[in-house]
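Contents: one structure, followed by commentary.
Counting from 1, the numbers follow the sequence of the chain as shown.
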Amino acid sequence: MSDVKKLSGIAISAMVIGICALVFSWMPIINNVSGIASMVGFVLSIPALIITCKKKTKRGKGFAIAGFVTNVVAFAIMWYTQTAYAFILS
């Protein structure tokens with residue numbers, strides 16, 4: 001018998017979406033899609049945190065925290081750049 005814990009797929013997907021959203025949050029038109037992706041990643045990171053903290057059979061708490069942080073930062077950057085671009089164009 002193996003005592004290896006399974007890695008949480010939700011936590012990994014939240015982190016990957018967060019990294020992609022963070023990379024594309026600076027670009028003028030693509031950051032709209034980045035904002036939507038960061039919201040999806042944020043929604044995925046909350047259950048990932050709950051699952052990895054409560055269930056002792058899953059690992060990936062670090063991935064879930066990284067996904068949460070990168071999605072919040074990506075959304076903040078997207079919001080700031082949208083505001084800056086709107087101010088420049090007006």
* To do: To the nearest 0.5 angstrom, please state how far the CD1 atom of Ile12 sits from the CG atom of Leu7.
  => 3.5 Å
* To do: Using the side chain to side chain donor-acceptor pair (under 3.5 Å) rule, collect all pairs that involve residues 67-80, keeping only residues at least two apart or in two chains.
  => none
Report all side-chain donor-acceptor pairs from residues 58-67 shorter than 3.5 Å, counting only partners two or more places apart or in another chain.
unit_1: Arg59; atom_1: NE; unit_2: Lys5; atom_2: O; d: 3.1

* Asked: Distance from Asn32 atom CG to Gln82 atom CD, nearest 0.5 Å?
  -> 4.5 Å
* Applying side chain to side chain contact (heavy atoms under 4.5 Å, CB included), name anything that partners Tyr85, two or more places apart in sequence or on another chain. => Pro28, Asn31, Thr81
* Asked: What about Val33 and Val72, same hydrophobic cluster or not, with Ile/Leu/Val/Met/Phe/Trp/Tyr joined at side-chain heavy-atom distances under 4.5 Å?
  -> no
* To do: With rounding to the nearest 0.5 Å, note down the distance linking CG in Leu22 to CE in Met15.
  => 12.0 Å
For residues 35-50, which side-chain N or O atoms pair as donor and acceptor with protein atoms under 3.5 Å away, sequence neighbours left out?
unit_1: Ser38; atom_1: OG; unit_2: Ser34; atom_2: O; d: 3.3
unit_1: Ser38; atom_1: OG; unit_2: Gly35; atom_2: O; d: 2.8
unit_1: Ser45; atom_1: OG; unit_2: Gly41; atom_2: O; d: 3.4
unit_1: Ser45; atom_1: OG; unit_2: Phe42; atom_2: O; d: 2.8

* Who pairs with Phe24 by ring pair (Phe, Tyr, Trp, His ring centres under 6.0 Å), at least two apart in sequence or on another chain? -> none
